[in-house]
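Have a look at the structure below, then the notes.
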Amino acid sequence: MEHVRNITVSREFHLLVFSNSEEHRYIISIGLLLMYLLAVLGNLLIIVLVCLVPQLHTPMYFFLCNLAAQDIVSASALLPKLMAIIFTGVKSISFYSCMAQLFLYVSSSDFPLLAIMAYDRYVAICIPLRYHLIMNPRFCILLMAMSWIFCVTNGLCYTSLASRLSYCRLNINHIFCEIVSLVKLSCSDTSLINTLIIVDVPLIGMFPFGLILTSYAYIIYTILKMRTSAAKLKTFSSCSSHLTVVLLYSGTCISLYMKPVSESSQEVDKLLSLIYLGFIPMLNPLVYSLRNRQVLSAAKIVFTKYFLNSVEN
């Protein structure tokens, strides 16, 4: 068995990606390149705005900055290699690159952070008088550190277990090194990693999603108790961007893991994974900028202060 593992380490996996990608490889490659550039540049812009504009030095935008960083990681884990495969037709990926891709994918899970952001909106809307007392800088940093540590540790666990498996087949029928697809290729005992997957689904998926639903149940109840429609609209607008992002992520995940199995389900899985890891990270900056006056105002401030001044000088 150790001999099989050594052969696997020294050889390469093959990502089969989309079945009909060769027919339209140039169009798909250009689309993926645009998606990647928009995702990285858009999220970098969010990070720069939050860092440079004092008006955005609040818990909500601190968490948004971290969400942007996670989106950059998740998009970078998938899209560059996928572009290279589709454009060149060379589907190989080294064992260590595959493990690195798996680690980055698992480590950039957004649901724990989205749950933290939902709690922030709950405190801001339901108990506003205690908001600054509860969401103080120390507590926000602690929440964010716990989220990153948990996700990175989770990624290390998956990568460590996957790297110890022996693989009898090397063709991964997916667009990236996804853990379930890797387990299917193994000819060794996968009971430990399967147990981790079973434990991980409620821990990193259902539990944060439950916290998000609970937070928004209280938020909606508080909004409905408000007397004027203007107050209701103003309060709802403060969490509408986050709610949009939650719906995008949860809708994609539910479609990915709860759809019925069919002959074309593998291709649908690939498309949904691309939406989750590429398309949604590209949309997030647009959602938070187009629906948020503070972000638009901050962009104008930075553009005027740094860009126009440099041109004039």
With no hydrogens and no angle check, do the side chains of [X] and [Y] hold a donor and an acceptor under 3.5 Å apart?
| X | Y | result |
| --- | --- | --- |
| N43 | N284 | no |
| K91 | N171 | no |
| S163 | Y96 | no |

Can you measure from [atom1] ([X]) to [atom2] ([Y]) and round to the nearest 0.5 angstrom?
| X | Y | atom1 | atom2 | result |
| --- | --- | --- | --- | --- |
| M99 | S160 | CE | OG | 10.5 Å |
| I280 | D110 | CD1 | CG | 8.5 Å |
| L114 | L67 | CG | CG | 6.0 Å |
| L133 | I127 | CG | CD1 | 9.5 Å |
| L142 | S147 | CG | OG | 11.0 Å |
| I204 | S109 | CD1 | OG | 3.5 Å |

Test item: [X] and [Y] side chains (from C-beta on) under 4.5 Å apart, heavy atoms:
| X | Y | result |
| --- | --- | --- |
| I172 | E178 | no |
| P112 | C151 | yes |
| N173 | K270 | yes |
| I197 | Y158 | yes |
| M60 | M117 | no |
| L33 | M83 | yes |
| I179 | V106 | no |
| M135 | L143 | yes |

Sub-3.5 Å donor-acceptor pair from the side chain of [X] to the main-chain atoms of [Y], do we have one?
| X | Y | result |
| --- | --- | --- |
| R169 | K184 | yes |
| T244 | S240 | yes |
| T159 | L156 | no |
| T228 | A231 | yes |
| N136 | H132 | no |
| S76 | V73 | no |
| D200 | L196 | no |

Could you pull out the closest heavy-atom pair between [X] and [Y], with the gap in Å?
| X | Y | answer |
| --- | --- | --- |
| V152 | S107 | CA-OG, 3.7 Å |
| K81 | Q101 | CB-NE2, 3.9 Å |
| A118 | S215 | O-CB, 3.7 Å |
| L243 | Y216 | N-OH, 3.5 Å |
| P202 | I198 | CD-O, 3.0 Å |
| A115 | I212 | CA-CG1, 3.6 Å |

request  = Show your working on side chain to side chain contact (heavy atoms under 4.5 Å, CB included) between W148 and Q70 and close with a plain yes or no.
outcome  = CA-CA 9 Å; W148 277 104; Q70 286 190 341; 3.4 Å; yes

Do [X] and [Y] share a hydrophobic cluster (ILVMFWY, side-chain heavy atoms under 4.5 Å, transitive)?
| X | Y | result |
| --- | --- | --- |
| L44 | V50 | yes |
| I141 | I116 | yes |
| F95 | V90 | no |
| L15 | L271 | yes |
| L45 | V287 | yes |

inquiry  = Between Y167 and F13 (judged by ring centroids, cut-off 6.0 Å), do the two rings come close enough to count as a pair?
reply    =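 Yes, ring centres under 6.0 Å apart.
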
query = How about H242 and F63: are their ring centres within less than 6.0 Å of each other?
reply =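 Ring centroids of H242 and F63 are no less than 6.0 Å from each other.
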
Crowding at CZ, F150 (>12 non-hydrogen neighbours, <6.0 Å) =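 Atom CZ in F150 is crowded, with more than 12 foreign heavy atoms closer than 6.0 Å.
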
message = Looking at F279, I want to see if its CZ is surrounded by more than 12 non-hydrogen atoms of other residues, nucleotides or ligands under 6.0 Å.
response =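 It does not: F279 CZ has 12 such atoms or fewer within range.
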
Worked verdict on C239 versus I219 for side chain to side chain contact (heavy atoms under 4.5 Å, CB included) = CA-CA 9 Å; C239 60; I219 288 171; 4.2 Å; yes

request  = Dump the intermediate steps for side chain to side chain donor-acceptor pair (under 3.5 Å) on Y276 and S74, then the final yes or no.
outcome  = CA-CA 9 Å; Y276 183 82; S74 64; over 6 Å; no

key: F87 and R25: CA distance, side-chain angles, deciding distance, side chain to side chain contact (heavy atoms under 4.5 Å, CB included) verdict   = CA-CA 6 Å; F87 185 77; R25 62 176 182 172; 6.0 Å; no

message = For C98, give me all partners under disulfide bond (SG atoms under 2.5 Å apart), at least two apart in sequence or on another chain.
response =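 Scan of C98 (disulfide bond (SG atoms under 2.5 Å apart), adjacent residues dropped) gives C177.
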
task = Measure the acute angle between the ring planes of F176 and H174, then classify it against the limits of 30° and 60° as parallel, tilted or perpendicular.
result =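 Taking H174 first and then F176, their aromatic rings stand perpendicular (interplane angle over 60°).
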
Side chain to side chain contact (heavy atoms under 4.5 Å, CB included) assessment of L283 paired with L38 = CA-CA 9 Å; L283 282 184; L38 287 173; over 6 Å; no

query = Under 2.5 Å between the SG atoms of C65 and C51?
reply =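 Between C51 and C65 there is no disulfide, given that their SG atoms are not under 2.5 Å apart.
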
